[in-house]
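On a predicted model such as this, the values are computed, not experimentally measured, just so you know. Just so it is clear, the values below take in all heavy atoms, side chains as well, and ignore hydrogens, waters and symmetry mates. The first residue in the sequence is number 1, and the count goes up from there.
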Amino acid sequence: MDVSDPTNETSHFYNRISAAAVVPQSLKDRTWRDVDETSTEPMAVDKAGLEKTTASLLSRISLDSLKANILERNPTSPSSSSSNKDIALSSRVNSANSVTSTSAKKGLVQLPTLTHPLPVKPPPSASVSRGAKRERPPSDLWTAPGIVRIRKRNWPTAERTRSDLLKGDGDLGILSIAFNVDSSCFALICRDRTLRIWNNKAQAEVAQLPHNSAVVGMAWLDEEEDVMSLTEDGELGKWVRMGRKADWQWSRIMNVGSEQHAPEDKVCLACARGRIAVAFPRSGVKVWIWQKGTWRAQRSISRTNVTALKFIDGGDALLGGTREGVVWRCAVPNGTMKVYAFLQSSITSIAINPTGTQALIAQAGGSACLVNLGSQDEKRVRQSYLDDDLRDGSLGALFAAQGKTLVFGTMDGCLLLWDAQKGSIFYGMEYEVACCDGPQSCVVAGTRDGRLLWWPHPKSQPSTSSHTSRKRAKLK
């Protein structure tokens with residue numbers, strides 16, 4: 001390559017700029033100095049003037065500096081490759097010469113596009129394809145702040161037949177409901193420190209029984225219309241109805257004691273045929289028996305963290321459940337404790353069927369199970385009741401319809417009825433409830449805002465249900 005050749009130097013300079021401009025014929029004779037900087041017209045230059053300016057600029061650049069620049073960018077290239085790059089550079093200059101001569105014949109000056117002397121950088125390697133993204137199927141139940149989408153129910157539902165709001169001031173939230181033996185009356189524990197008595201047939205409140213501290217337990221006495229109540233300060237008393245009038249009289253039985261415990265801990269009360277049992281979270285279970293006109297304390301049961309307690313076998317034994325999920329039995333008095341089952345979560349309630357042969361155990365994890373109370377040769381856990389959408393068992397569980405139906409759990413704003421034999425949901429009662437109980441003909445539930453609701457038991461159960469496939473039941 002001859003550096004002194006002005007044509008080659010001009011072409012090489014054209015090869016170092018990135019813009020191209022076509023000079024119109026009318027502006028061909030205008031020089032570089034005549035171009036107005038504010039003009040919007042395309043730039044036009046005189047060819048001779050441009051070549052003269054280009055030669056003066058290229059005189060400052062040597063071919064050696066260009067080669068050094070090339071070697072600096074690609075230091076790994078061998079010395080023999082310098083000649084190859086010179087040949088490539090000369091070919092690009094010759095190409096620029098041909099473009100310039102052709103444009104000169106037409107009377108126009110065309111600035112060629114700048115090309116880099118180094119090879120084109122290879123494109124980045126393509127990222128590995130992860131395949132098509134799998135789409136998640138739409139969920140039946142989806143919740144977001146302020147938005148609730150209810151999935152399609154696969155069982156029939158029924159609306160309540162009656163609703164009553166409790167009368168009074170303050171917090172009237174209902175904590176517990178319990179029917180007496182013949183289901184003619186039921187009692188409510190409310191947050192306002194009252195025990196309320198309702199007539200089930202008339203569906204009307206007949207008494208409000210106030211206490212000095214919060215009521216933590218209650219129990220109807222067998223074959224009587226009297227009800228026992230236990231308060232937070234350890235006072236155990238009995239409310240007796242005076243004749244046919246709505247007057248109730250309270251008589252103190254004893255102070256069973258109290259202890260400091262966490263708010264989530266539970267104090268349990270159980271009564272049956274001259275026997276009383278109170279379970280404290282830390283000190284265990286205390287037992288009293290009515291003997292010779294007085295209540296006599298018996299040997300305590302050293303089982304702590306008891307969350308549910310019931311008398312079985314006519315009062316001759318206690319059946320309890322603990323926070324650790326242990327179901328145990330102990331004869332009264334002075335009996336040996338036996339473990340019936342080890343469950344996975346804390347036990348919230350125990351219900352005994354009408355024949356006294358089975359216990360329905362509700363768990364905090366949202367499941368329930370049926371436990372046999374017979375001889376040791378029988379399998380203890382007969383059947384479990386669990387649905388994928390059940391997450392909370394704090395409502396408890398109870399028998400209804402002579403033990404053929406179970407009332408347990410809530411889902412989609414419905415109180416659920418289960419087929420005890422098949423282990424499947426067959427009915428729903430629409431409303432969000434906090435507690436419930438049910439005799440032979442109806443189910444009564446209470447809410448956190450002090451409302452009572454009544455539902456009748458369904459007359460028949462569907463023979464099959466699509467919801468059955470979703471249950472998880474362990475059959476005998």
Side-chain angles (χ1 to χ4, degrees), residues 162-168 170-232 235-253 256 266-273 276-278 308-311 348-352 395-400 407 433-455:
R162 182 180 174 87
S163 174
D164 278 321
L165 190 64
L166 298 183
K167 298 178 181 180
D171 189 355
L172 302 179
I174 301 174
L175 301 176
S176 179
I177 301 177
F179 276 86
N180 63 354
V181 177
D182 60 1
S183 302
S184 61
C185 296
F186 60 87
L188 312 174
I189 296 179
C190 299
R191 292 185 181 275
D192 62 347
R193 299 183 178 182
T194 61
L195 186 69
R196 303 186 180 221
I197 309 298
W198 278 68
N199 185 302
N200 187 35
K201 185 176 181 180
Q203 296 181 347
E205 183 180 286
V206 296
Q208 292 186 19
L209 311 178
H211 294 75
N212 294 328
S213 60
V215 181
V216 297
M218 67 171 175
W220 290 90
L221 299 180
D222 293 342
E223 299 179 357
E224 296 182 19
E225 293 186 355
D226 303 339
V227 59
M228 281 191 176
S229 64
L230 176 65
T231 58
E232 194 174 28
E235 287 293 330
L236 179 64
K238 181 173 69 172
W239 291 91
V240 180
R241 185 175 182 177
M242 307 303 295
R244 296 182 178 181
K245 298 181 180 181
D247 296 334
W248 291 73
Q249 183 176 355
W250 180 81
S251 60
R252 183 178 182 273
I253 296 178
V256 299
K266 189 177 180 180
V267 177
C268 303
L269 171 66
C271 299
R273 202 182 63 183
I276 298 174
V278 179
L309 193 65
K310 287 284 185 180
F311 275 104
T348 59
S349 71
I350 297 176
I352 309 299
L395 183 65
L398 58 97
F399 287 99
V407 182
V433 300
C435 56
C436 65
D437 198 1
Q440 306 294 334
S441 58
C442 67
V443 173
V444 178
T447 66
R448 294 179 178 86
D449 59 354
R451 185 176 297 275
L452 277 176
L453 311 166
W454 280 263
W455 286 276

Report task. Of all the heavy-atom pairs spanning Ala277 and Leu309, show the shortest one and how long it is. Result -> CB-CD2, 3.9 Å
**Report entry** Minimal non-hydrogen separation, Ala219 against Cys271, with atom names
**Finding:** CB-SG, 3.9 Å
Report task. First locate atom CG of Leu453, then atom SG of Cys442, and finally report the distance between them rounded to the nearest 0.5 Å. Result -> 11.5 Å
Query raised in the report: Any side-chain heavy atom of Cys436 within less than 4.5 Å of one from Val407?
Result: yes
Query raised in the report: Do Ser251 and Gln249 come close enough that some side-chain heavy atom pair is under 4.5 Å?
Result: no
Query raised in the report: Are Trp198 and Asp164 side-chain neighbours, meaning at least one heavy-atom pair lies under 4.5 Å?
Result: yes
Query raised in the report: Hey, does the side chain of Asp247 reach the backbone of Met242 with a donor-acceptor pair shorter than 3.5 angstrom?
Result: no
Query - Side-chain heavy atoms of Trp454 within contact of Asn200, under 4.5 Å - result: yes
Query - Min side-chain heavy-atom separation Phe186-Leu452 under 4.5 Å - result: yes
Report summary line: Heavy-atom nearest pair, Asp226 first then Trp220, reads O-CE3, 3.6 Å
Query - Rounded distance [0.5 Å steps], OG1 in Thr447 versus CG in Leu166 - result: 8.0 Å
Query - Distance (rounded to the nearest 0.5 Å) between Ile197 CD1 and Met218 CE - result: 8.0 Å
**Report entry** Thr194: side chain to side chain contact (heavy atoms under 4.5 Å, CB included) partners, not counting sequence neighbours
**Finding:** Cys190, Asp192, Arg196
Report task. Would you sort out whether Val256 and Leu269 count as a side chain to side chain contact (heavy atoms under 4.5 Å, CB included), showing the intermediate values? Result -> CA-CA 11 Å; Val256 299; Leu269 171 66; over 6 Å; no
Query - side chain to side chain contact (heavy atoms under 4.5 Å, CB included) evaluation trace for Lys238 with Leu221 - result: CA-CA 9 Å; Lys238 181 173 69 172; Leu221 299 180; 3.5 Å; yes
Query - Nearest non-hydrogen partners of Cys435 and Ser176, listed with the distance - result: SG-N, 3.8 Å
Query raised in the report: For Glu205, does the CD atom sit with more than 12 other heavy atoms under 6.0 Å from it, leaving out its own atoms?
Result: yes
Query - Reported CZ-to-OG distance for the pair Arg193 and Ser229, which is rounded to 0.5 angstrom - result: 13.5 Å
**Report entry** Side chains of Ile276 and Met228 in contact at under 4.5 Å (non-hydrogen atoms)
**Finding:** yes
Query raised in the report: If you round to the nearest 0.5 Å, how far is OG1 of Thr231 from NE2 of His211?
Result: 7.0 Å
Report task. Of all the heavy-atom pairs spanning Trp455 and Ala445, show the shortest one and how long it is. Result -> CZ3-CB, 3.7 Å
Report summary line: Heavy atoms of Leu172 and Lys167 approach each other most closely as CD1-C, 4.0 Å
Query raised in the report: Can you tell me how far CG of Leu195 sits from CH2 of Trp250, rounded to the nearest 0.5 angstrom?
Result: 12.5 Å
